[in-house]
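Lettering of chains follows the sequences in order, A, B, ..., and the numbering in each one begins at 1.
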Amino acid sequence: MSITLEQVTKRYQGQPVVNDVSLTVAEGEFFVLLGPSGSGKSTLLRAIAGLVDIDDGTIALHGSDVTHVGARQRGVGFVFQHYALFRHLTIADNIEFALRVRRMKAADRRERRKELLKLVALEGMDERLPAQLSGGQQQRVAVARALAHKPQVLLLDEPFGALDAKIREELRWTIRRVQRELGITTVLVTHDQEEAFALADRIGVMNLGRLLEVGAPRDLYARPTTRFVATFLGAANLLLALQGAEGIRLGTTPVDATVRTPALTGREHEVVTVLRPEEVEMAAEREQLTTSYMGRATVEELQFTGALERLRLKLLDNQHAVQTTGNGAEGRIEATRLQSERRAMPLAVGAVVALGARRMHVLPTPLSSFSIHAADEAAAQLLAQAPLLETLAGRMKTRVATCADASDGAPNARPGVAVIEGSDGAALRAVQLLRAGANEVLLLSPSTTLPEQICMFWLDDAARHATMAVTASLLRHLPAEAVCVATAPAGRRDAKRANALRALLDARSEARAAHALETRTELVPGEGPQALGEYLAGLSAPLLVLGTADITTAEAALGALLARRPGMPVLVVYRESAR
Amino acid sequence: MGLRRERSVIPGFGITFGFTSFFLCALVLLPLTALVMKGAGMDWQRFVAVVTDPRALASYRLSFGASLMAAAINIVFGFIVAWTLVRYRFPGRRFIDAMIDMPFALPTAVSGLALTAVFAGNGWIGQYLEPLGIKVAYAPLGITIALTLIGMPFVVRTVQPALEELPKDVEEAAATLGAGPAYTFFRVILPALLPAILTGFTLAFARGVGEYGSITFIAGNIPMETEITPLLIVIRLDEYDYAAAAAIGCVMLAISFVMLFAINLLQAWGRRRISGAGRR
Amino acid sequence: MTRIILILVSLLFLSALLFAPLAVVFASAFENGLGAWFQSFTDSDTGAAIRLTLLTAAIVVPLNTLFGVCAAWCIAKFEFPGKSMLITLIDLPMAVSPVVSGLIYVLLFGAQGWFGAWLQEHDISIIFAVPGIVIATMFVTFPYVARELIPLMQQLGNDEEEAAITLGAGGWFTFFHVTLPRIRWGLLYGVILCNARAMGEFGAVSVVSGHIRGLTNTMPLHIEALYQDYSMSGAFAVASLLSLLAVVTLIIKTLLEWRMGVHHR
């Protein structure tokens with residue numbers, strides 16, 4: 001492996017900007033780090049080059065650990081966003097800089113320089129000064145300069161950022177060709193998904209300092225795992241559907257969808273699906289659709305964009321299913337179609353069409369939407385403004401519904417995560433909701449802020465997998481530390497303790513393998529919920545993810561935990577054990 | 001963690017920081033401490049007696065009065081000079097622009113000598129002023145003129161860039177809204193330049209209060225009449241009264257600090273106004 | 001109309017204040033012809049003053065250049081606690097009266113000063129001797145280079161230095177081949193200003209020099225001595241030499257401003 005990062009973390013003033021990133025880049029691979037500004041991608045690249053010190057983790061190049069090796073000795077080629085050419089030196093001197101540092105003979109230097117200038121198609125520019133070149137040419141010189149000392153790794157930090165669209169395109173070809181010719185391991189940082197698709201063998205998407213998903217461009221586009229990747233890589237409609245034993249249905253109509261993970265429980269539960277605008281089919285009548293019917297919709301807006309026509313549609317039925325689309329228009333479906341399709345069926349604003357979905361993809365995320373259960377609307381609104389809930393819903397681009405309890409006080413379970421206030425009697429209410437059909441219950445108070453630690457703990461091994469998945473999902477949206485907790489009687493070196501330890505380590509590997517989630521493990525001395533409560537009481541701002549396969553034990557545990565630390569946010573994850 | 005220095009890949013922090021702080025401590029902090037200690041070491045009543053001695057008080061009056069006067073002259077004429085240089089094109093403009101810095105480059109002894117020669121009773125200008133009963137050389141007026149010369153570049157060089165950066169379209173906007181030239185000047189241009197003008201004023205004033213070289217030539221150095229504060233320090237030193245010199249020196253140092261503080265505040269104010277107008 | 005009035009006012013103001021005095025210096029210096037002008041420098045005390053001024057500048061300017069580069073590197077390239085305090089300290093000598101600048105060294109090294117007794121014991125004289133003049137001049141002129149370089153280097157950023165380091169260059173190599181070529185005009189600018197002030201300083205040097213003719217009188221002090229002797233032609237001759245220095249300084253400064261393409265303070 002050419003570049004290996006293990007649990008790399010970088011903090012600025014205590015805040016992690018690169019959070020627990022592990023990654024391997026293969027020899028000769030073109031890897032693109034993609035993410036919005038402030039996602040930590042540039043910092044990670046600079047860490048690989050040695051321009052930034054990391055606080056935790058290791059960085060290895062070609063199998064040798066370079067974590068504590070200075071930038072000067074790492075011998076990587078680095079291309080800066082604003083070229084960073086030496087403005088007082090000629091192109092020749094710029095390119096030969098690294099060779100001069102290495103005391104190469106003048107004749108050899110000249111030969112290498114000619115080679116490089118040919119490679120970037122700038123022959124004959126030797127004696128010019130950087131200022132006499134155009135931006136695109138300067139960046140090509142920067143690439144040549146970075147390659148002069150034959151580095152084994154080439155790192156490019158938004159190399160096209162300062163260029164206009166035409167030159168950007170052209171330079172993209174040049175860089176791809178140079179990389180192919182040399183077969184050099186390359187990491188490029190960009191915020192432009194089109195650029196990433198065009199260049200990458202594999203893409204790594206970063207957000208909030210975490211590396212969310214890694215994969216080939218096609219795979220990431222077609223089968224993303226997270227909402228963020230689904231919406232960041234191109235436009236996407238996020239729809240809430242129900243997954244049951246029979247398959248996926250949207251409202252009352254069954255739809256075809258690719259599913260990566262099978263249904264988590266026997267119960268029907270809510271899932272998030274991705275529908276790309278180009279996968280939306282439109283027809284005058286339901287019968288004319290060749291794909292599964294989603295519902296009828298009115299055309300609200302039309303845009304001509306050259307090759308494609310873009311439409312914004314409002315669903316007439318199944319409206320509650322539509323979550324925020326990538327562009328922030330609530331409750332609307334975005335669709336695109338080719339000009340040829342447009343000619344076959346011209347549409348005007350206000351027209352009513354039947355919509356079909358050619359291809360839908362179910363995100364494996366276990367958290368779909370939130371519904372608040374409270375005594376009245378005011379209390380529900382108050383809870384909706386809790387910083388934790390507001391942030392989560394915003395970042396998950398999902399909806400927070402409120403529903404008042406039935407008049408007799410019995411809760412109506414709705415799809416998604418049920419949210420209740422973690423006051424007195426919360427344990428009982430949580431249990432009622434679980435019995436009524438909820439799979440997850442979140443207990444919090446209106447003042448609950450963002451957690452610093454997210455701790456996972458499961459009462460039954462059957463719930464382990466689900467607990468982990470929920471925790472991983474939370475951590476994609478919250479910049480907190482993940483802790484995997486188990487309890488075992490203190491002091492004695494008995495089998496119980498050894499088993500608990502082994503289970504913890506297994507869980508950690510599983511979290512890493514299945515969810516790319518790096519966790520800290522904590523073996524707490526003591527027995528069950530009491531010991532866990534003691535441990536949690538010592539943390540500054542924990543959020544507990546409590547997994548259970550048995551509702552009765554969950555009630556007891558929850559009661560004990562809330563008594564020890566009232567008001568602590570707890571997310572109960574219930575999965576029926578296979579009987 | 002906020003106090004920890006972010007490690008940088010660029011080398012040389014240790015050696016440059018060490019050398020810089022050593023140099024500063026040895027050359028600036030240590031001697032200034034010696035001055036303050038000497039002043040503080042005095043018996044309080046004696047300190048007060050020295051710094052409020054009638055001769056000292058007269059010197060403060062003169063130093064402050066003349067510096068204020070000179071700075072005031074400079075904000076009027078310095079502004080006109082800056083305006084002329086920025087807004088008008090005329091032959092010799094570049095030459096005059098370059099010459100503005102002359103008082104920075106010219107040793108103060110030379111300017112003192114030269115001004116004395118020009119404004120003495122038989123000098124080029126003095127000969128016309130003498131019959132009118134205006135005595136410049138060896139009089140407070142001479143001190144004011146010397147300080148005006150010394151402070152002139154400070155005002156011009158702070159107002160000039162501010163005036164250059166003043167967007168032309170602001171005036172055009174005022175005109176389209178029906179404002180006359182005078183109204184535009186007093187309501188639009190002058191308020192925008194106020195921080196720069198005040199900064200220039202304070203810089204010129206601070207420099208004037210401490211000035212010594214040029215004034216020894218033109219002032220005549222008559223006690224109670226044309227004796228400035230820095231000269232009084234020199235006189236006390238010549239009398240080997242180090243404590244008295246240190247006491248007056250402390251007063252001047254305190255004034256310097258106040259000025260430095262005022263200048264920083266003014267500049268911060270100016271920056272805030274500019275960036276505040278630029279964004280949002 | 002306003003335009004012409006304002007230009008005239010400016011010219012009149014500058015003529016009375018700046019051009020007339022400057023003209024007087026040269027007119028008086030060359031009043032009795034070029035021969036007489038040269039004659040005034042044959043005086044041994046005058047020669048000694050010129051030599052002392054050159055010696056002082058030759059010591060002070062390189063040291064302060066070194067200091068300025070170090071301070072600018074440390075302040076522009078790194079973030080550390082107490083940085084603004086350091087900048088304030090560097091600016092301080094600009095704000096202190098020259099007389100106070102001299103006074104502090106008298107209090108430190110003078111006969112009654114902190115180190116006075118020790119110095120006397122070891123027969124080292126600083127005050128009323130050349131070392132005192134050098135030190136006082138150093139104090140007065142040390143902000144010049146640093147103040148010129150700090151904003152310049154902050155504006156240039158660290159990109160090129162980082163590029164050099166990823167290409168394998170070490171600290172010194174990076175400084176001499178990447179940083180120095182970029183800041184050379186700014187550096188020269190600071191050095192020129194520093195030199196002008198070092199050669200022309202009066203107040204601080206006057207306090208520590210002791211005014212011993214032929215020994216501790218620099219050129220500006222010698223002007224005063226000649227003036228007090230009513231030896232006007234001599235005083236103006238020396239003054240004209242210093243004015244020439246100022247004119248040359250201004251010319252180089254203007255050229256450098258062109259070269260750097262920015263309008264400087």
Side-chain angles (χ1 to χ4, degrees), chain B residues 3 5-6 8-13 16-17 19-20 23-24 27-28 31-32 34-35 38 77 80-81 83-84 88 90 96 98-99 101-102 105-111 113-115 117-118 124-125 148-149 152 157 206 210 212-213 217 230 233-234 237 242 245-246 249 252-253 256 259-260, chain C residues 3 6-7 9-10 13-14 16-18 20-22 24-25 28 67 70-71 73-74 77-81 89 92-93 95-100 103-108 112 114 138-139 142 158 161-162 165 171 196 200 202-203 207 220 223-224 227 235 239 242-243 246 249-250 253-254 265:
Chain B
L3 276 176
R5 189 176 66 85
E6 244 335 296
S8 165
V9 290
I10 294 177
F13 177 74
T16 53
F17 180 75
F19 182 70
T20 306
F23 213 76
L24 278 174
L27 210 62
V28 180
L32 284 178
L35 171 66
K38 188 85 184 176
F77 286 96
I80 292 175
V81 171
W83 180 272
T84 313
Y88 304 135
F90 54 93
I96 289 179
M99 288 296 283
D101 283 329
M102 190 47 113
L106 199 66
T108 49
V110 178
S111 40
L113 177 71
L115 281 175
V118 172
W124 289 1
I125 299 177
T148 309
L149 174 65
M152 185 267 291
R157 289 300 188 228
Y212 174 68
F217 288 86
I233 295 179
V234 174
L237 272 178
Y242 283 18
M252 294 215 62
L253 189 66
S256 300
M259 291 292 152
L260 204 61
Chain C
R3 185 189 119 112
L6 287 182
I7 293 176
V9 169
S10 294
F13 174 69
L14 291 176
L17 208 61
L18 197 58
L22 211 55
V24 145
V25 169
S28 312
F67 166 79
C70 272
W73 185 271
C74 156
K77 300 275 176 216
F78 303 97
E79 288 303 322
F80 54 92
L89 270 183
L92 199 58
V96 172
S97 167
V99 169
V100 174
L103 169 69
I104 57 180
Y105 291 106
V106 173
L107 294 179
L108 208 58
Q112 305 173 25
W114 281 9
M138 197 124 80
F139 177 88
F142 88 73
N158 288 350
E161 280 80 7
E162 285 182 354
I165 286 163
F202 183 87
V207 172
I223 294 177
E224 191 195 22
Y227 173 75
L242 282 175
S243 305
T249 302
L250 274 196
K253 183 173 163 298
T254 310
R265 277 155 287 154

Can you tell me which portion of [X] sits under 4.5 Å from chain C's heavy atoms? Options are side chain, backbone, both or neither.
X        : result
B:Ala206 : neither
B:Ile10  : both
B:Met252 : side chain
B:Ile96  : side chain
B:Ile125 : side chain
B:Met99  : both

Original post:
What part of C:Phe67 lies closer than 4.5 angstrom to a heavy atom of chain B: side chain, backbone, both or neither?
Top reply: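 It is both, since atoms from each part get that close.
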
Subject >> Side chain / backbone / both / neither for C:Leu14 at chain B, heavy atoms under 4.5 Å >> reply: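 When you check distances to chain B, only side chain atoms of C:Leu14 fall under 4.5 Å.
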
Original post:
Between B:Phe23 and B:Phe19, what is the ring plane arrangement, given parallel below 30°, perpendicular above 60°, and tilted in between?
Top reply: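 Ring orientation of B:Phe23 relative to B:Phe19: tilted.
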
Original post:
Once the angle between the rings of B:Tyr88 and B:Trp83 is folded into 0 to 90°, is it parallel (under 30°), tilted (30 to 60°) or perpendicular (over 60°)?
Top reply: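 The arrangement is perpendicular - the two ring planes meet at more than 60°.
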
Original post:
What residue in B:Val234, B:Val28, B:Leu253 has the most heavy-atom pairs under 4.5 Å with chain C?
Top reply: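 Most heavy-atom pairs within the cutoff with chain C belong to B:Val28.
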
For [X] and [Y], work out which heavy atoms get closest and say how close.
X        : Y        : result
C:Tyr105 : B:Pro31  : CE2-CG, 3.6 Å
B:Ala245 : C:Leu103 : O-CD2, 3.5 Å
B:Ala114 : C:Val24  : O-CG1, 4.1 Å

Drop me the distance from [X]'s [atom1] to [Y]'s [atom2], to the nearest 0.5 angstrom.
X       : Y        : atom1 : atom2 : result
B:Thr84 : B:Phe90  : OG1   : CZ    : 6.0 Å
B:Leu32 : C:Leu89  : CG    : CG    : 8.5 Å
C:Phe13 : B:Leu149 : CZ    : CG    : 8.5 Å

Any idea which of [options] has the most non-hydrogen atom pairs under 4.5 angstrom with chain B?
options                                : value
C:Ile223, C:Leu250, C:Leu22            : C:Leu250
C:Val207, C:Ile165, C:Leu17            : C:Leu17
C:Gly200, C:Pro98, C:Cys70             : C:Cys70
C:Glu224, C:Met138, C:Glu162, C:Gln112 : C:Gln112
C:Phe139, C:Phe142, C:Phe202           : C:Phe202
C:Val96, C:Thr254, C:Thr249, C:Leu92   : C:Leu92

Original post:
Does the ring centre of B:Phe13 sit less than 6.0 Å away from the ring centre of C:Phe80?
Top reply: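 Judged by ring-centre distance (under 6.0 Å), C:Phe80 and B:Phe13 do meet the cut-off.
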
**OP:** Taking the side chain as every heavy atom from C-beta outward, state whether C:Val99 and B:Leu237 have any atom pair closer than 4.5 Å.
**Re:**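 Side chain of C:Val99 against side chain of B:Leu237, heavy atoms only: no contact under 4.5 Å found.
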
